Amino acid sequence: MKLLLIHADFMEYEVKRKTKIAEDFNKKGERIEEVLVIFTAVEKGDEAIVEKAIGEIRDVADKVNAKRILIYPYAHLSSNLADPEIAIDILKKIESELRDDFEVYRAPFGWYKSFKISCKGHPLSELSREIRAEEEVEVTKALKDEEKVRSYWYILTPSKELVSIEDFDFNRYEKLRKFVSYELEKRREVDRIPPHVELMRRLEIADYEEASDSGHMRWYPKGRLIKNLLETFITEKCVEYGAMEVETPIMYDRAHPTLRKYLERFPARQYIISGDKRDFFLRFAACFGQFLMTSNSVITYKNLPMKIYELTRYSFRKEQRGELVGLRRLRAFTMPDMHTIVRDVEEAKREFFNQYKLSVEVLREIGITPDDFEIAIRVTKDFYEDNKDFIHSIVDVLKKPILVEMWDQRFFYFVLKFEFNFIDALDKASALSTVQIDVENAERYGIFYIDEDGGKKRPLILHCSVSGAIERVIYALLEKASMDIKSGKLPMLPIWLSPVQVRIIPIAGRHIKKAIEIAEKLKKEKIRVDVDNRDETTGKKVRDASTEWIPYIVVIGDKEVEMDKVSVTIRKESTLESQKRVEMSVDELIDRVKEECRDKPYKPLPLPMLLSERATLR
RNA sequence: GCCACGGUAGCUCAGCAGGUAGAGCGCGUGCUUGGUAAGCACGAGGUCGCGGGUUCAAAUCCCGCCCGUGGCUCCA
């Protein structure tokens, strides 16, 4: 709705001619003294903001101390006008609401009119207001409900006792203490940029892209490679687990009745995109597409549990600006999202347990061990009471105490979830893997399966992000590396994720040819290798390789050529003070690297093999 | 979204009682052909985040915006 507010000594108008949409009017016109004139254009969708508009008008009327108000329909203020009938209704509503406190006049809608106005000319006498619904950033019911949730906190001990957090002895569990205080006190004592931000830039992994929205990153070749390897690995793990990989759209009709209700239940802010006729929201997970797909599927009890999977590139969540930092929290992120359709609570529990174990295993293979994260279980009181033994059995997997948050009522769509929360170098926690048991959406989307008796049954649905967002996994690996730096270790990525696995350094120009020969051999064996053929000293080249965290540095000189061996510096076994250096044959090196990357995906080096040909990308 | 701080060469940063724009690294050229974490010399490189204002004169002072960081809020 557009408003132009003029505080006038007087306003007079006269009706001239009707248009097709004119309302009845039997006077010729009128003249009103000492009046606040509201030129108004009612726009599409304004039904929702009438109250807000009235508030604005009251506000201005009070400020200029006006007793009389004239509402004057003025279509020229907008190019997106509402239907005339709706516009008249809204104007009438405004009129009647204001009547309690003001002397209100309303010029007839749909007439050609002449008018004279005498604007007072004081600073507030000419104002314009644009009233818009606050839906660019949509605050869902779930976001608001979240504030009302009453939580009770416990620790589930390794001996399967549920004790209140006051009674738990945190002495041997420093990280858990940090996590609990993070969850409950929400206290931050951090005044530093998280270490991974500098690392992600220095290692040419990712960077901020100022030309995009906040929280949308640019990925350099090395970062894209790491991300690609993780994406491939995690997808393969889920497919191996039995999931069917699919792909679904990234945007959906905002007005779609089912999706609309789901949006309301999901506490995240959306991006809104205008289409030709409809408005769309960008997905924040793969649930939409997968649920719409399964709601059209014929599923029988024989097909259960049925798992479908998508790697969302991207999921979009319009997180608040202050929440966005580096790779920890983004507005566009990549997430493995698997949904499992199960018959009943018993099958849900079995799957939940298996996916819990799968998540542990996936993170472990990526290089994030159970020591690096703390476990949270969030559960409704009812579900806990009914499934006590099952929930207690979860501690058996890792034998670590678990933070339990219990809700007296169910506010969200799930009754049980777990999260693995990574604790970073600044003691902040963020969720990686998570699985939830969803009791609402099968019904909402009309998803059913045919049971043995031929009847339609409502399944339960598990949501699983087996690793959490890929970007966040990289954040965790980098934060972990920075903790290694603090404790005096040489930081590195797992070998299979290292963009360059082997660097070959020829000592003098005459060794370059041999270096390239060896590199070609390694490359054929699917090892990412490059050659530092720059005109620099050996010391400099070794230093550069080290600051890039390259796991194996091979030096080639006269000695090596003669002995047909190479001198290899092994980063994992070195410290800054003493480097672990061994002589080995090229074949031994190949075997070693291949062994370390066994069962992990491989992608070739997305950079020129010769350093002299390589640009600096940041 | 609110509050605070920051944005100067590709990178990290100095300069800021208003008066010709600086360093280190990187890059280019030359010397050097080297033995495991930074060889030497020379050179190129700047809309001082963007827009407006004050002023004879703005990187410097003022206002607005953008981006980043921290805090608050928030984080199914």
Side-chain angles (χ1 to χ4, degrees), chain A residues 134 136-137 139-147 149 182-183 186-194 197-198 201-202 204 207-216 262-269 284-285 287 315 317-326 328-330 378 405 407 410-414 417 419 421 426 428-431 434 436 438 440 463 465 472 490 503 505-512 532-548 550 553-560 567-571 574-581 615-618:
Chain A
E134 288 167 6
E136 305 275 316
V137 175
V139 176
T140 63
K141 184 169 166 299
L143 267 180
K144 290 179 214 136
D145 280 352
E146 202 179 17
E147 292 165 11
V149 175
Y182 187 88
E183 282 284 313
K186 316 263 181 194
R187 198 161 44 84
R188 313 295 143 81
E189 292 173 353
V190 174
D191 55 352
R192 289 191 326 176
I193 299 173
V197 174
E198 198 218 316
R201 306 179 72 206
R202 194 169 64 65
E204 278 189 3
D207 212 333
Y208 299 113
E209 175 52 74
E210 293 190 7
S212 184
D213 190 17
S214 314
H216 295 241
Y262 184 38
L263 275 177
E264 282 287 317
R265 295 289 281 156
F266 199 100
R269 293 170 173 81
F284 45 75
C287 310
S315 289
R317 298 183 191 180
K318 206 158 166 181
E319 308 288 9
Q320 298 189 77
R321 272 269 318 268
E323 304 173 331
L324 305 167
V325 201
R328 181 169 181 252
R329 184 173 219 86
L330 296 167
R378 312 196 196 249
E405 179 177 11
W407 292 310
R410 183 168 66 82
F411 279 98
F412 306 117
Y413 55 77
F414 55 86
K417 76 181 279 199
E419 300 149 16
N421 288 277
L426 304 180
K428 296 200 176 197
S430 30
T434 178
Q436 302 152 10
D438 176 346
E440 271 187 8
H463 301 236
S465 186
R472 191 171 274 185
L490 287 178
R503 165 143 317 154
I505 297 177
I507 289 203
R510 65 180 174 280
H511 308 119
I512 291 177
D532 192 345
N533 62 333
R534 296 172 307 164
D535 180 17
E536 297 289 352
T537 58
T538 306
K540 172 70 171 288
K541 290 192 270 196
V542 168
R543 181 189 148 84
D544 285 350
S546 305
T547 54
E548 282 182 54
I550 294 174
I553 301 173
V554 170
V555 172
I556 296 276
D558 291 337
K559 250 193 300 181
E560 287 75 13
S567 161
V568 182
T569 303
I570 301 167
R571 185 173 181 85
S574 301
T575 63
L576 199 54
E577 292 75 37
S578 86
Q579 296 177 354
K580 168 80 172 185
R581 209 177 303 152
T616 309
L617 295 171
R618 71 166 290 280

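Residue numbers start from 1 in every chain, and the chains themselves are labelled A, B, ... in the order their sequence lines are given, proteins ahead of strands. Everything numeric here is computed off the predicted structure, so don't read it as measured data.
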Mind checking the [atom1] distance from [N] to [M]? Whole angstroms is fine.
N       : M       : atom1 : result
rU8(B)  : rC13(B) : C1'   : 9 Å
rA59(B) : rC42(B) : P     : 30 Å
rA9(B)  : rC5(B)  : P     : 22 Å
rG10(B) : rC72(B) : P     : 36 Å
rG64(B) : rA4(B)  : P     : 11 Å
rG70(B) : rC63(B) : P     : 25 Å
rA57(B) : rA41(B) : C1'   : 39 Å
rG24(B) : rC61(B) : C1'   : 30 Å

Using a cut-off of under 3.5 Å, enumerate the N/O to N/O pairs linking the protein to nucleotides 12-14 of chain B.
{"unit_1": "rU12(B)", "atom_1": "OP1", "unit_2": "Arg201(A)", "atom_2": "NH1", "d": "3.2"}

Q.
Set out, in order, the CA-CA distance, both residues' side-chain angles and the distance that settles side-chain contact (heavy atoms from CB on, under 4.5 Å) for Arg510(A) and Asp558(A), then state yes or no.
A. CA-CA 9 Å; Arg510(A) 65 180 174 280; Asp558(A) 291 337; 2.8 Å; yes
Q) How is Gly509(A) classified with respect to the nucleic acid when contacts are heavy atoms under 4.0 Å: base, sugar-phosphate, or nothing? A) base
Rounded to the nearest Å, what distance is computed from the [atom1] atom of residue [X] to the [atom2] atom of nucleotide [N]?
X         : N       : atom1 : atom2 : answer
Ile556(A) : rG35(B) : CD1   : P     : 16 Å
Asp544(A) : rA38(B) : CG    : C1'   : 8 Å
Glu536(A) : rG34(B) : CD    : P     : 15 Å
Ile512(A) : rU33(B) : CD1   : P     : 14 Å

Which listed nucleotide ([options]) is nearest to the side chain of [X]?
X         : options                   : answer
Ser567(A) : rC31(B), rU36(B), rC67(B) : rU36(B)
Glu560(A) : rG26(B), rU36(B), rG70(B) : rU36(B)
Arg534(A) : rA37(B), rC27(B), rC67(B) : rC27(B)
Lys540(A) : rU33(B), rG70(B), rG26(B) : rG26(B)

**Q.** side-chain hydrogen bond (donor to acceptor under 3.5 Å, both in side chains) between Asn421(A) and Glu419(A), intermediate numbers included
**A.** CA-CA 6 Å; Asn421(A) 288 277; Glu419(A) 300 149 16; 3.1 Å; yes
Q: Examine the base of rU32(B) for any acceptor or donor lying under 3.5 Å from a partner atom in the side chain of Asp535(A), and report the outcome as yes or no.
A: yes
Q: Please evaluate the base of rU36(B) for a donor-acceptor partner in the side chain of Thr569(A) within a cut-off of under 3.5 Å?
A: yes
Heavy-atom donor-acceptor pair, [X] side chain to [Y] backbone, under 3.5 Å:
X         : Y         : value
Arg571(A) : Ser546(A) : yes
Arg543(A) : Thr538(A) : no
Glu548(A) : Ala545(A) : no

Any [X] side-chain nitrogen or oxygen under 4.0 Å from OP1 or OP2 of [N]:
X         : N       : answer
Lys428(A) : rG71(B) : yes
Thr537(A) : rG39(B) : yes
Lys318(A) : rC74(B) : no

(Q) Pair Ile507(A), Ile556(A) - check side-chain contact (heavy atoms from CB on, under 4.5 Å), show working. (A) CA-CA 6 Å; Ile507(A) 289 203; Ile556(A) 296 276; over 6 Å; no
Q) Under the side-chain contact (heavy atoms from CB on, under 4.5 Å) criterion, do Asp532(A) and Arg503(A) qualify, and how do the steps go? A) CA-CA 7 Å; Asp532(A) 192 345; Arg503(A) 165 143 317 154; 3.9 Å; yes
Q: Specify whether Trp407(A) and Phe412(A) have parallel, tilted or perpendicular ring planes, treating 30° as the upper limit for parallel and 60° as the lower limit for perpendicular.
A: perpendicular
Q: Identify the nucleotide, in any strand shown, that forms a Watson-Crick or G-U wobble pair with rU36(B), with both distances under 3.5 Å; if there is none, say none.
A: none
